[in-house]
Amino acid sequence: MSGWAFFFFAAGLATSISLLLMDRKRRQMELVQMNRMRNSQMYYDLYRLVKFARAHQIDRVQVERHRIVFYTVHPPEMLGAFFITDLGYPPLTRQQIRSLTLVLAEDLPLLQERRCYRLRGYRTMRPNGIWDDAYQYTITSHYKTQLVAEKNRVWVH
């Protein structure tokens with residue numbers, strides 16, 4: 001192996017190791033923040049709605065700076081909403097929104113099933129023109145069709 005080839009190999013290896021260590025550190029920080037969110041008073045107050053959502057077929061879950069909203073598949077309507085600032089909590093930060101999104105997926109495990117739900121980020125604009133990050137779990141069309149077919153089959157028999 002020539003000197004340059006060895007140099008590029010070593011540089012690539014060092015970069016790979018560095019990226020791996022940075023990703024591990026990021027994941028550790030994410031877990032700490034998720035744990036902090038799970039143990040917060042706000043999540044304790046929200047958890048009643050999370051438990052209620054477990055008993056329903058969820059169409060989508062939106063996590064925004066000021067609210068968390070659950071929608072059902074059948075009937076297609078809002079199952080419940082948790083308005084953060086109305087309950088005296090400060091608006092969520094970008095990191096808190098991300099942490100809450102991940103904690104909800106742990107407490108509603110079906111949201112983690114890629115064949116059933118998709119997670120996507122989006123942005124909302126405040127009245128003052130500032131953009132906020134938000135996340136939404138949305139049911140896949142295949143899974144929604146399956147749920148509707150099962151419900152119709154129950155009604156037919």
Side-chain angles (χ1 to χ4, degrees), residues 14-152 154:
T15 302
S16 297
I17 291 171
S18 176
L19 289 173
L20 184 63
L21 291 173
M22 286 182 354
D23 186 56
R24 185 174 178 191
K25 181 71 173 170
R26 181 196 56 79
R27 181 65 184 149
Q28 286 173 340
M29 288 301 298
E30 195 171 69
L31 290 172
V32 167
Q33 291 164 346
M34 287 171 61
N35 210 13
R36 189 175 299 147
M37 176 58 69
R38 181 180 303 288
N39 293 320
S40 71
Q41 182 64 44
M42 186 205 71
Y43 193 72
Y44 177 79
D45 293 341
L46 169 65
Y47 193 70
R48 187 172 46 98
L49 182 57
V50 173
K51 283 180 19 183
F52 186 65
R54 283 182 184 161
H56 294 82
Q57 296 171 335
I58 301 298
D59 183 62
R60 70 182 187 271
V61 178
Q62 293 175 312
V63 181
E64 298 177 351
R65 179 178 164 88
H66 292 89
R67 68 187 186 139
I68 297 99
V69 186
F70 295 83
Y71 295 90
T72 60
V73 172
H74 194 290
E77 63 187 7
M78 183 188 311
L79 175 64
F82 184 85
F83 295 96
I84 295 165
T85 53
D86 290 355
L87 296 170
Y89 297 106
L92 298 177
T93 64
R94 175 183 291 177
Q95 185 55 50
Q96 287 173 322
I97 293 168
R98 172 88 175 140
S99 296
L100 179 56
T101 301
L102 297 173
V103 169
L104 287 172
E106 286 183 351
D107 289 344
L108 297 166
L110 195 57
L111 295 178
Q112 295 179 37
E113 293 289 330
R114 292 190 59 99
R115 65 180 178 76
C116 300
Y117 289 89
R118 297 281 187 253
L119 174 63
R120 75 172 183 89
Y122 64 98
R123 303 191 86 197
T124 59
M125 184 186 289
R126 292 189 228 165
N128 63 3
I130 295 176
W131 289 93
D132 288 322
D133 291 338
Y135 291 94
Q136 177 173 277
Y137 287 101
T138 308
I139 195 168
T140 62
S141 57
H142 172 75
Y143 184 59
K144 189 172 188 174
T145 302
Q146 179 183 340
L147 291 177
V148 170
E150 288 173 8
K151 183 157 188 66
N152 289 338
V154 169

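What you see is a predicted model, and the numbers here were worked out from it, not measured in a lab.
Between Leu100 and Ile68, some side-chain heavy-atom pair lies under the 4.5 Å cut-off. Side-chain contact between Asp132 and Glu64: absent, with no pair of heavy atoms (C-beta onward) separated by less than 4.5 Å. In this structure, Arg48 and Lys51 have side chains that are not in contact, with every pair of non-hydrogen atoms separated by 4.5 Å or more. Side-chain contact check for Leu147 versus Ile139: some heavy-atom pair is nearer than 4.5 Å. Residues Lys144 and Gln57 form no side-chain contact, since every pair of their non-hydrogen atoms from C-beta on lies 4.5 Å or further apart. No side-chain heavy atom of Tyr117 sits under 4.5 Å from any side-chain heavy atom of Leu108. Within the 4.5 Å cutoff, the side chain of Leu49 has heavy atoms near those of the Leu46 side chain.
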>> Run the salt bridge (charged side-chain N to carboxylate O under 4.0 Å, His left out) test on Arg67 and Asp86 for me, step by step, so that the C-alpha distance in whole Å, both residues' side-chain angles and the decisive distance to 0.1 Å come before the verdict.
In response: CA-CA 9 Å; Arg67 68 187 186 139; Asp86 290 355; over 6 Å; no

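Taking CG from Leu110 and CZ from Arg54, the interatomic distance works out to 12.0 Å, rounded to the nearest 0.5 Å. We find the OG1-CH2 distance between Thr124 and Trp131 to be 8.0 Å, quoted to the nearest 0.5 Å. Atom-to-atom distance recorded for Phe82:CZ and Tyr47:OH is 14.0 Å, nearest 0.5 angstrom. Rounding to the nearest 0.5 Å gives a distance of 9.0 Å between CD1 of Ile97 and CE of Met37.
Of all non-hydrogen atoms in Phe70 and Leu104, the two that sit nearest each other are CZ-CD2, 4.3 Å. Across Met78 and Ala81, no two heavy atoms sit closer than the pair SD-CB, 3.7 Å. Between Tyr135 and Gly121, the shortest heavy-atom contact is CD2-CA, 3.8 Å. Looking at every heavy atom in both residues, Gln41 comes nearest to Tyr89 through CG-OH, 3.4 Å. Shown here for Val103 and Met34, the closest heavy-atom pair between the two residues is CG2-O, 3.5 Å. Between Val73 and Val148, the shortest heavy-atom distance links the atoms CG1-CG2, 4.3 Å.
Enclosure of atom CZ in Arg126 by more than 12 non-hydrogen atoms of other residues, nucleotides or ligands within 6.0 angstrom is indicated. Applying the 6.0 Å contact sphere to CZ of Arg36 captures no more than 12 heavy atoms from other residues, nucleotides or ligands. In the displayed structure, Arg123 atom CZ is contacted under 6.0 Å by more than 12 heavy atoms of other residues, nucleotides or ligands.
For the pair Thr140 (side chain) and Arg115 (backbone), a donor-acceptor distance under 3.5 Å is present. In this structure a side-chain-to-backbone donor-acceptor pair under 3.5 Å is missing from Ser99 to Gln96.
For the residue pair Gln112 and Tyr137, no side-chain donor N or O sits within less than 3.5 Å of a side-chain acceptor on the partner. For Thr138 and Gln136, the side-chain atoms include at least one donor-acceptor pair closer than 3.5 Å.
Residue pairs meeting the salt bridge (Lys or Arg N to Asp or Glu O under 4.0 Å) criterion with at least one member in residues 89-105, sequence neighbours excluded: Glu30-Arg98, Arg94-Asp133.
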